[in-house]
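Residue numbers start from 1 in every chain, and the chains themselves are labelled A, B, ... in the order their sequence lines are given, proteins ahead of strands.
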Protein chains: 2
Amino acid sequence: MIREMCKKAKVAAFEMGKLSTDAKNAALHKMASALEANTEKILAANEVDVQIAKSKGVKAALLDRLALDQKKIQTVAKELKEVSALPDPIGSIISTWTRPNGLIISQVRVPMGVVGVIYESRPNVTADSAGICIKSGNAVILRGGSDALNSNLAIGEVLREALLSTNVPVDAIQVVPSPNRKVAEELMGMREYIDVLVPRGGADLIKTVIEKSRIPVIETGTGNCHVYVEEDADLQKATPIVINSKCQRPGTCNAAEKLLVHSKIATQYLPVVIAELRKNGVEVRGDEETRKIVPDVKAATEQDWGTEYLDLIMGVKVVKGLDEAIAHINNYGTHHSDSILTTDFGKAMQFIKEIDSAAVYWNAFTRFTDGNQFGLGAEIGISTQKLHVRGPMSVQHLTTTKYVILGDGQIRK
Amino acid sequence: MIREMCKKAKVAAFEMGKLSTDAKNAALHKMASALEANTEKILAANEVDVQIAKSKGVKAALLDRLALDQKKIQTVAKELKEVSALPDPIGSIISTWTRPNGLIISQVRVPMGVVGVIYESRPNVTADSAGICIKSGNAVILRGGSDALNSNLAIGEVLREALLSTNVPVDAIQVVPSPNRKVAEELMGMREYIDVLVPRGGADLIKTVIEKSRIPVIETGTGNCHVYVEEDADLQKATPIVINSKCQRPGTCNAAEKLLVHSKIATQYLPVVIAELRKNGVEVRGDEETRKIVPDVKAATEQDWGTEYLDLIMGVKVVKGLDEAIAHINNYGTHHSDSILTTDFGKAMQFIKEIDSAAVYWNAFTRFTDGNQFGLGAEIGISTQKLHVRGPMSVQHLTTTKYVILGDGQIRK
């Protein structure tokens with residue numbers, strides 16, 4: 001079954017590569033309208049998933065991600081229209097040059113081909129991934145979590161029906177109809193047909209995909225992000241940044257998980273910032289030095305330093321200075337987003353140069369690492385790997401390039 | 001052992017990221033001088049490998065790749081100096097923009113970190129891979145074929161000694177001292193330390209690395225390249241292109257392996273071009289139509305269409321027209337380099353748009369797909385995958401990017 005789906009996707013991808021921007025945008029609008037027009041059908045399928053999940057006793061947080069309502073569907077529809085408004089990267093000429101022998105070489109942006117997306121229980125990922133893939137000229141195979149199977153199939157059906165009246169081939173969007181793990185593994189072996197695999201979800205899902213996939217994977221998501229407060233930081237500005245980075249949306253990958261403070265200001269600053277964190281409902285876990293200054297803080301374990309809490313918990317550590325902060329972050333972090341708060345240019349430049357992360361901040365909030373916040377548009381994830389794309393992965397990053405060489409009979413001597 | 005090497009490489013990579021262009025270039029010059037100064041030592045080690053290989057009865061072609069001489073060493077030394085003369089990609093700012101909230105976002109080019117190279121019996125790959133990695137600010141772990149172990153270790157030792165008197169850390173270059181396959185497999189699992197793995201060699205090596213690696217791989221090398229002659233091609237120019245693409249260096253990945261000819265000109269053109277190929281020592285294998293026109297041509301099998309011969313053999317097929325040619329190339333090719341010979345603009349544009357290959361040629365020779373021929377400088381391979389880099393992979397492609405965000409206390413509301 002998977003092989004058949006892959007073959008269809010490959011054929012669809014070939015057609016996608018020939019489509020105009022207008023044709024893709026028109027399809028995105030039809031997809032958005034179809035979602036709105038079929039809200040009841042989608043909600044009915046979603047209700048089945050929610051009931052099954054409840055009967056299994058799944059956690060409230062998961063139920064929250066799984067459950068759709070009219071507003072969520074409207075949001076997804078709106079996002080599809082926003083994607084249609086983004087610039088089309090396909091066909092843009094990155095550079096052109098002429099060689100001494102007269103050959104004219106151009107590097108041109110082209111679609112990736114077939115994109116596989118493996119995700120967890122958020123059914124809105126089905127529609128938003130499909131939208132980003134269509135805009136970038138790709139065919140997509142979607143494999144969501146088993147908890148959301150009915151919702152995903154309903155959304156897939158609505159989107160495919162919408163494509164019937166467009167120039168985008170119906171098989172540009174396919175939802176894997178089986179929740180079986182073996183089927184997912186089969187999908188991960190289809191290197192012959194699938195050009196890139198994007199896992200969207202928690203650390204476990206990503207780890208499994210990396211272990212099992214034979215297809216190039218773009219690792220997204222896990223963020224053990226740090227804020228480091230230097231001795232010369234403007235503390236008036238520091239506290240709002242720390243609080244906002246931790247609390248504004250603690251369940252996201254770009255939320256801060258750790259606070260590092262320079263030892264010279266620890267005695268003065270830790271009581272203030274810890275009080276403020278607690279006022280905002282944050283559980284603080286500190287190293288020994290922190291606990292000497294604020295004794296009722298819970299002790300952090302070695303494991304804490306490497307953990308992405310995705311919750312109102314923050315690890316706090318006192319460091320001797322910039323070098324220790326940098327070493328700690330590079331060692332325990334996930335190379336996602338890290339911030340230094342300092343008024344010193346030289347220290348900021350050292351931090352920026354030496355921190356090995358997708359996004360490095362000077363005097364700002366880590367949660368700006370986001371396609372829309374960066375001004376790049378909707379994203380399919382935040383890449384924490386170094387290959388192909390690092391940071392927010394938006395429409396332009398689901399493309400590749402091709403060299404086009406125009407000659408007049410040149411040969412090599 | 002591998003884990004220890006990886007840890008050292010990681011430490012070296014951190015130091016490499018801080019080096020100036022001058023420091024890296026000075027090291028490349030010292031490396032080049034050291035190779036020349038230690039020619040005898042390297043040749044002695046190489047002689048051991050050659051004798052062992054001879055006693056095992058390896059093929060002449062392999063022996064030729066394995067054996068070094070003074071001239072080959074001088075060439076490698078010269079290439080290291082050429083790499084030092086290339087522009088340094090590190091630190092270049094790809095783009096900078098200001099967001100409505102005042103954040104200044106820049107995308108900056110930074111080294112990849114640790115690069116792993118797994119290759120076969122050509123010992124010159126040891127030095128040239130090391131040079132490209134040093135220039136791009138990376139540490140490298142080199143794992144060559146067991147046949148070249150003594151040569152590779154000698155070259156590695158010479159290069160590392162040369163680094164002692166430079167600012168480049170010695171562990172920026174490490175050669176795996178074991179020919180054991182298990183050790184290579186261990187290396188392929190070191191995702192924690194190695195940022196990218198580049199296999200350099202034949203199809204089997206690349207397949208093994210893709211199967212076993214947990215580290216992102218850049219697939220390089222296999223090239224089943226096509227030349228398609230349209231009915232309106234300038235046949236005066238076509239024959240030199242076909243002959244040159246096939247015969248100039250048949251053992252390279254960018255040599256043409258297949259010739260497709262439009263049926264309308266097949267009767268006229270095939271006898272001419274096949275005679276010319278044979279005059280150049282090429283064995284021709286044809287489809288049924290070809291054999292109707294030139295009966296003494298050997299029959300091509302289904303397997304031929306997918307084979308990279310790397311030899312003076314060419315598969316010849318008659319096609320009904322452009323659509324069949326495109327479908328054949330996309331189906332049987334390796335997405336490396338393919339060429340159309342036509343005087344018709346519309347046909348050329350269709351071929352360019354629809355052929356899914358790293359390099360698509362109009363009226364030119366496929367063997368121009370090469371870092372130096374493109375004007376990009378020395379390459380570590382030709383990528384045939386779509387992720388990260390497609391086509392010649394040169395110094396600039398062994399880098400990644402980092403977002404640097406300068407703020408003044410911005411938070412997200």
Asks: Does some side-chain heavy atom of B:Thr222 sit less than 4.5 Å from a side-chain heavy atom of B:Cys253?
Replies: no
Asks: Could you tell me whether the side chains of A:Asp344 and A:Thr342 share a donor-acceptor contact shorter than 3.5 Å?
Replies: no
Asks: With the side chain counted from C-beta on, respond yes when B:Trp362 and B:Ile340 share a heavy-atom pair under 4.5 Å apart, and no when they do not.
Replies: yes
Asks: Going by distance alone, is a donor N or O of one side chain under 3.5 Å from an acceptor N or O of the other, for A:Asn372 and A:Glu379?
Replies: no
Asks: Would you mind reporting whether A:Pro392 and A:Thr369 have side-chain heavy atoms less than 4.5 Å apart?
Replies: yes
Asks: Using a 4.5 angstrom heavy-atom cutoff, name the option from A:Gln385, A:Lys212, A:Gln373, A:Lys237 with the most pairs to chain B.
Replies: A:Gln373
Asks: Under 4.5 Å heavy-atom distance to chain A, tell me which part of B:Ile326 shows up: side chain, backbone, both or neither.
Replies: side chain
Asks: Using non-hydrogen atoms only, which part of B:Arg99 is less than 4.5 Å away from chain A: side chain, backbone, both, or neither?
Replies: side chain
Asks: Checking heavy atoms, do the side chain of A:Asp234, its backbone, both or neither come under 4.5 Å from chain B?
Replies: neither
Asks: When you compare the side chains of B:Gln410 and A:Asn363, does any donor N or O come within less than 3.5 Å of an acceptor on the partner?
Replies: no
Asks: If you count heavy-atom pairs under 4.5 Å between each of A:Glu219, A:Arg191, A:His397 and chain B, which one has the most?
Replies: A:Arg191
Asks: Report which part of B:Asp338 has an atom under 4.5 Å of a heavy atom belonging to chain A: side chain, backbone, both, or neither.
Replies: neither
Asks: Report which part of B:Asn244 has an atom under 4.5 Å of a heavy atom belonging to chain A: side chain, backbone, both, or neither.
Replies: side chain
Asks: Quick one, B:Thr399 and B:Pro89 - any side-chain contact, counting heavy atoms below 4.5 Å?
Replies: yes
Asks: Between B:Glu354 and chain A, with a heavy-atom cut-off of 4.5 Å, which part of the residue counts as in contact: side chain, backbone, both or neither?
Replies: both
Asks: Would you say the side-chain atoms of A:Thr401 and A:Arg109 include a donor-acceptor pair closer than 3.5 Å?
Replies: no
Asks: Using heavy-atom distances under 4.5 Å, tell me whether B:Gln107 contacts chain A through its side chain, its backbone, both, or neither.
Replies: neither
Asks: Between A:Arg390 and A:Ser383, do the side chains contain a donor N or O and an acceptor N or O under 3.5 Å apart?
Replies: no
Asks: Any donor-acceptor pair under 3.5 Å linking the side-chain atoms of B:Thr96 with those of B:Ser106?
Replies: yes
Asks: Do you know which of B:Asp195, B:Val108, B:Asn330 has the most heavy-atom pairs with chain A at a distance under 4.5 angstrom?
Replies: B:Asp195
Asks: Given the side-chain rings of B:Phe374 and A:Tyr403, with only the six-membered ring counted for Trp, is the space between their centroids under 6.0 Å?
Replies: yes
Asks: Decide yes or no for A:Asn280 and A:Lys246: does some side-chain heavy atom of the first lie under 4.5 Å from some side-chain heavy atom of the second?
Replies: no
Asks: For the candidates A:Gly375, A:Ala364, A:Gly391, which exhibits the highest count of non-hydrogen atom pairs separated by less than 4.5 Å from chain B?
Replies: A:Gly375
Asks: Report which part of B:Val110 has an atom under 4.5 Å of a heavy atom belonging to chain A: side chain, backbone, both, or neither.
Replies: side chain
Asks: Side-chain contact, heavy-atom cut-off 4.5 Å: B:Ser136 with B:Pro111?
Replies: no
Asks: Among A:Ile241, A:Val196, A:Leu341, single out the residue with the greatest number of heavy-atom pairs under 4.5 Å to chain B.
Replies: A:Ile241
Asks: For chain A, find which of B:Leu103, B:Val217, B:Ile104 contributes the most heavy-atom pairs closer than 4.5 angstrom.
Replies: B:Leu103
Asks: Looking at chain A, which one of B:Ile355, B:Ile215, B:Thr366 has the largest number of heavy-atom pairs inside 4.5 Å, strictly under?
Replies: B:Ile355
Asks: Between B:Leu406, B:Thr400, B:Ile243, who has the most heavy-atom pairs with chain A when the cutoff is under 4.5 Å?
Replies: B:Thr400
Asks: Where does B:Ser357 contact chain A at under 4.5 Å (heavy atoms): side chain, backbone, both or neither?
Replies: backbone
Asks: Under a 4.5 Å heavy-atom cut-off, does chain B meet the side chain of A:Ala358, its backbone, both or neither?
Replies: backbone
Asks: Tell me, for B:Asn101 versus chain A, whether the close heavy atoms (under 4.5 Å) come from the side chain, the backbone, both or neither.
Replies: side chain
Asks: Considering only heavy atoms, which portion of B:Ile105 lies under 4.5 Å from any heavy atom of chain A: side chain, backbone, both, or neither?
Replies: side chain
Asks: Side chain, backbone, both or neither: which part of B:Tyr361 has a heavy atom under 4.5 Å from chain A?
Replies: both
Asks: Does any backbone or side-chain atom of B:Ile218 lie under 4.5 Å from a heavy atom of chain A? Answer side chain, backbone, both or neither.
Replies: side chain
